[in-house]
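I have placed the structure first, in the form of structure tokens, so that the comments after it can refer back to it.
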Amino acid sequence: MAQITITLPDGAQRMYEAGITGGEVAADISKSLGKQAIACTLDGQFRDLSRPIENDAQLAIHTIKDEAEALELIRHDSAHIMARAVQEIWPDVKVTIGPVIANGWYYDFDREEPFTPEDLEAIEKKMRDIITLRDPVRTETWERARAIAHYEAANEPFKVELIDAIPEGEDLRMYWHGDWQDLCRGPHLAHTGQVPADAFKLTRVSGAYWRGDSKNKQLQRIYGVAFRTRQELKAHLLQVEEAAKRDHRRLAKEMDLFHLQEEAPGMVFWHPNGWSIYRGLEEYMRRRQIEDGYKEIRTPQVVDRKLWEASGHWDKYRENMFITEIDEEHANEKRTNALKPMNCPCHVQVYNQGLKSYRDLPLRLAEFGSCHRYEASGAMHGLMRVRGFVQDDGHIFCTQEQIQEECAKFIQLLSRVYKDLGFDEFKIKFSTRPDQRIGTDAEWDVTEGALESAIKSIGMDYEVDPGEGAFYGPKLDFKLTDAIGREWQCGTFQVDSQLPERLGAEYVGEDSDKHRPFMLHRAVLGSFERFIGILIENYAGKLPFWLAPRQVVVASIVSDADDFVNATVEMLRKQGIRAEADTRNEKINYKVREHSLGKVPVILAVGRQEVENGTVSMRRLGEKQSVVLPREDVLATLSNEALAPDQVAR
RNA sequence: GCUGCCGUGGCUCAGGGGUAGAGCACUCCAUUGGUAAUGGAGAGGUCGUGAGUUCAAAUCUCACCGGCAGCACCA
């Protein structure tokens, strides 16, 4: 037998006979390491402990203390153990795939009857039984033909399909624990007992299409979460609960912001409080854009199909459009209209009025345009995905040479806005020419080059997403990160030469010939509805003072203070602060609790002492302490705080 | 759109073939209380819509509408 040298991470070298396994090396190093070892990394490759080592190599043994590796394996093995549990309980259920995902895993099954919550409990129990067995995991490499024959005999059609999709020449690896077998890339734990029996939980079951394609059969997907310890699992479940508390749909009820009802699915009924946030945001955006040279316009919502045919929407986007027909009794001719799903064709109409000169470019048209899209019923989600929404839309008509500067200007605007709204971090995705595209390669070189050098000139990192651009041009997408680490794609910047062409936009150049302008589609927030949803969840309802719908409640402690309270509210309102009086016959505890739950940033309590001294007792949301201050001082402080970020003197 | 679950007073939810329940909110009365729920009384629902089964349907069946989770979609 040949001798090989194994080098450990600390540099120590050990000699073994070729063919020794990682597990054996671990056991040789120490008895306890042998027990604790879960997998190894051999020359940079993450592997099973049970696989033999044939040559000199660098070897690192992993235990449950190596968080990343341990979680990966625990979740992966949990998926397999769950699949085995399911097949032990229901032998005729077909298995498919079961990858590791954030916090856990899922596994897709083909079974006629749906899994019930009781089934999930039974599966969890069976999984614990399998863990208790401490079955060793073993693995073999199989010939393709043998694997196919095996799965055909076992009547597992999905596995056969998976093997067919694996490129020729790649090893097929089989894994077993107990009698249960699965095709898998691996690696896996040393035995099933290494999955902590008290740190996983099956969370839900749902439908999922085979290979993610809605034309395929729908399978049943069971999701689970798994960690190294029970504490970690509990912490995770707690965090999920905390995230649920931020749910904007729930907060909207508590704060009385808006509602949705079935007569208008996906269309928002804004209440005074919610509309106040909306207006605050819109007015802020308006000021920011005017500052940046945009001209605001307003275009129709109901537009004849002719325009949509010309723009290409009738062909490519019709199934997402609300179509209307005018009642013939009231119209001389029958016309088919559509509610606009986008503003761009209308903006070209505005551009096209009157002859444009190169001196007019860049022309920046902005519209808080109300759009309607017929979203699939299952796609709607509170404010995040609606059928009627308003975009902070804008289209910049410009020459090729101006693209770069406009892009840089836009990114500056966007980062300023995100920062003002509390999002310091965002990512840029640069999507390049797709296979299905129009325009020449030379044109794409120009637009892609302009976009890329614009980002570079700003010095920001970005990720290239090859082939993901729009059919008419490359684009940038902007993803912000919220307070709990979630990413939301909001802003977009797209270069388009197609629509100006189709809708006949032109300008007279220096050479006095007519030219086609480029059109840049851009949005910072995306839609007001969605962005407000994001804001609410980001701040957990505790919006910054300038956006808070009810900024101040002045509450009386005794009814003798009511006049003073009302006078104070009047003064606040005169300064443009959204203030309300609470002179109800309730105790101050009750009022403080109610307005705290309602996320009012400032409560001013007034009792006898305050009336006598001309002071108010100010309590800020989230603070336990209150401070007694002269009323004038509070008025001055608050009116300063009420300024939007762009109005604050620097 | 697909799969599963859900739809009971303003809100959160219990109940379940035979006069509809709770807590909170609301109204009234008492209470003037110092920073996260004062006490008492009262009012409020044809149980998502439609059809079917039944002597009898909020309850069972079917269809539809809407919501929730996930999938698909989101140029």
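Both backbone and side-chain heavy atoms feed into the values below; hydrogens, waters and symmetry mates do not. Since the model is a prediction, treat every value here as computed from it, not as a measurement. Reminder, nothing fancy here: chain letters follow the sequence lines and each chain counts from 1.
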>> From the set B:rC73, B:rG1, B:rU35, return the single nucleotide nearest to any side-chain atom of A:Arg385.
In response: B:rC73
>> Just to be sure I understand the rule, does A:Tyr317 reach a base, reach only the sugar-phosphate, or reach nothing, if contact means heavy atoms closer than 4.0 Å?
In response: base
> In whole Å, what separates the P atom of B:rG18 from that of B:rA56?
Replying inline: 14 Å
>> Between B:rG40 and B:rA36, how many Å separate the two P atoms, rounded to a whole number?
In response: 22 Å
> Taking CD from A:Glu594 and P from B:rC26, how many angstroms apart are they, rounded to a whole number?
Replying inline: 7 Å
> Among side-chain atoms of A:Trp90 and A:Glu113, is any donor-acceptor pair under 3.5 angstrom?
Replying inline: no
> For RNA chain B, what string of dots and brackets results from 5' to 3' when Watson-Crick and G-U pairs need both distances under 3.5 Å, crossing pairs get [ ], and pairs with another strand get |?
Replying inline: (((((((..((((....[..)))).(((((.......))))).....(((((..]....))))))))))))....
> Quick check: are there more than 12 heavy atoms from other residues, nucleotides or ligands sitting under 6.0 Å from CD of A:Glu254?
Replying inline: yes
>> Any heavy-atom pair between the side chains of A:Lys591 and A:Ser556 that's under 4.5 Å?
In response: yes
> What nucleotide, of B:rA36, B:rA69, B:rG34, holds the atom closest to the side chain of A:Val592?
Replying inline: B:rA36
> Distance from A:Phe158 atom CZ to A:Leu162 atom CG, nearest 0.5 Å?
Replying inline: 9.5 Å
>> Rounding to an integer number of Å, can you tell me how far A:Gln220 CD sits from B:rC5 P?
In response: 10 Å
> So what does A:Arg249 touch, heavy atoms closer than 4.0 Å: a base, only the sugar-phosphate, or nothing?
Replying inline: sugar-phosphate
>> Between A:Glu594 and A:Arg584, does any NZ, NE, NH1 or NH2 come within less than 4.0 Å of an OD or OE carboxylate oxygen?
In response: yes
>> Using the C1' atom as the point on both nucleotides, what is the distance between B:rC13 and B:rA58, in whole Å?
In response: 16 Å
>> Nearest to the A:Arg204 side chain among B:rC71, B:rA69, B:rG33, which nucleotide is it?
In response: B:rA69
> B:rG34 C1' sits how many Å from A:Ile603 CD1, rounded?
Replying inline: 13 Å
>> Quiz question: by atom type and distance under 3.5 Å, do the side chains of A:Thr299 and A:Glu367 form a donor-acceptor pair?
In response: yes
>> Quiz question: going by heavy-atom distance under 3.5 Å, is there a donor-acceptor pair between the base of B:rG70 and the side chain of A:Tyr209?
In response: no
> Using a cut-off of 4.0 Å between protein heavy atoms and nucleotide atoms, how would you tag nucleotides 38-48 of chain B 5' to 3' with B, S and -?
Replying inline: B----------
>> Contact between A:Phe109 and A:Phe115 at the side-chain level, heavy atoms closer than 4.5 Å - yes or no?
In response: yes
> When the distance from CG of A:Leu260 to P of B:rC65 is rounded to whole Å, what number comes out?
Replying inline: 18 Å
>> Any heavy-atom pair between the side chains of A:Ile403 and A:Val495 that's under 4.5 Å?
In response: yes
>> Checking side-chain polar atoms at under 3.5 Å, does A:Glu623 have a donor or acceptor matched by the opposite partner on A:Gln625?
In response: no
>> If you take any heavy atom closer than 4.0 Å to RNA chain B, which residues from residues 618-632 of chain A end up in contact?
In response: A:Arg619, A:Lys624, A:Ser626
>> Heavy atoms from C-beta onward define the side chain here; which of B:rU32, B:rU35, B:rG66 lies closest to that of A:Ile588?
In response: B:rU35
> Is the Lys NZ or Arg CZ of A:Arg631 less than 6.0 Å from the centre of A:Phe564's six-membered ring, within 45° of the axis?
Replying inline: yes
>> Using a 4.0 Å cut-off on heavy atoms, which residues in residues 484-498 of chain A reach RNA chain B? List them by number, or say none.
In response: none
> Start at the 5' end of RNA chain B and walk down; is the nucleotide closest to A:Glu319 or to A:Asp560 reached first?
Replying inline: A:Asp560
When you compare the protein's N or O atoms with those of nucleotides 8-15 of chain B, which come within less than 3.5 Å of each other, and at what distance?
from: B:rU12; atom 1: OP1; to: A:Lys253; atom 2: NZ; distance (Å): 2.8

>> When you compare the side chains of A:Thr481 and A:Lys427, does any donor N or O come within less than 3.5 Å of an acceptor on the partner?
In response: no
>> Between P on B:rU49 and CD on A:Gln261, what's the gap in Å once rounded to a whole number?
In response: 15 Å
> For residues A:Ser497 and A:Arg516, is any side-chain donor paired with an opposing acceptor at under 3.5 Å?
Replying inline: no
>> Using the rule ring-ring contact (aromatic ring centres under 6.0 Å, His included), only one of A:Trp275, A:Trp270, A:Phe368 pairs with A:Phe528; which is it?
In response: A:Phe368
> Between the side chain of A:Gln301 and the main-chain N/O of A:Lys340, is any donor-acceptor distance below 3.5 Å?
Replying inline: no
>> My understanding is that only residues two or more places apart in sequence, or in another chain, count here; which of them pass side chain to side chain contact (heavy atoms under 4.5 Å, CB included) with A:Asp393?
In response: A:Asn343, A:Gln391, A:His395
> Which one, B:rG34, B:rA36, B:rA72, comes nearest to the side chain of A:Ser596?
Replying inline: B:rA36
> With respect to the side chain of A:Ser206, which nucleotide from B:rA69, B:rA36, B:rG1 is positioned closest?
Replying inline: B:rA69
> If you measure from the P atom in B:rG23 to the same atom in B:rU19, how many Å do you get, rounded?
Replying inline: 23 Å
>> Can you tell me how the ring of A:Phe269 sits relative to the ring of A:His259, calling it parallel under 30°, perpendicular over 60° and tilted otherwise?
In response: parallel
> Counting any heavy atom closer than 4.0 Å, what does A:Ala470 reach on the DNA or RNA strands: base, sugar-phosphate only, or nothing?
Replying inline: sugar-phosphate
> Less than 3.5 Å between a donor and an acceptor, one on the side chain of A:Ser559 and one on the base of B:rU32, is that the case here?
Replying inline: yes
> Below 4.0 angstrom, N of the basic side chain to O of the carboxylate: do A:Asp465 and A:Lys475 qualify?
Replying inline: no
> Counting distance only, does the side-chain N/O of A:Glu161 pair as donor-acceptor with the main-chain N or O of A:Pro157 below 3.5 Å?
Replying inline: no
>> Would you measure the distance from the P atom in B:rA57 across to the matching atom in B:rG52 and give it in whole Å?
In response: 11 Å
>> Distance check needed: B:rG67 P versus A:Met380 CE, whole Å only.
In response: 5 Å
> A:Asp213 CG to B:rG1 C1': how many Å, rounded?
Replying inline: 13 Å
> Can you find a pair of side-chain heavy atoms, one from A:Arg75 and one from A:Phe200, that are under 4.5 Å apart?
Replying inline: no
>> What's the closest nucleotide to the side chain of A:Ala379 if the choices are B:rA72, B:rG33, B:rA69?
In response: B:rA72
>> Using atom P in both nucleotides, what's the gap between B:rC62 and B:rG67 to the nearest angstrom?
In response: 22 Å
>> In whole Å, measure the gap between the C1' atoms of B:rC60 and B:rC47 for me.
In response: 15 Å
>> Say we look at B:rA20 and B:rC6: how far apart would their P atoms be, to the nearest angstrom?
In response: 24 Å
> Between atom CZ in A:Arg211 and atom P in B:rC71, what is the gap in whole Å?
Replying inline: 18 Å
> Is the distance from OP1 or OP2 of B:rU35 to the nearest side-chain N or O of A:His595 less than 4.0 Å?
Replying inline: no
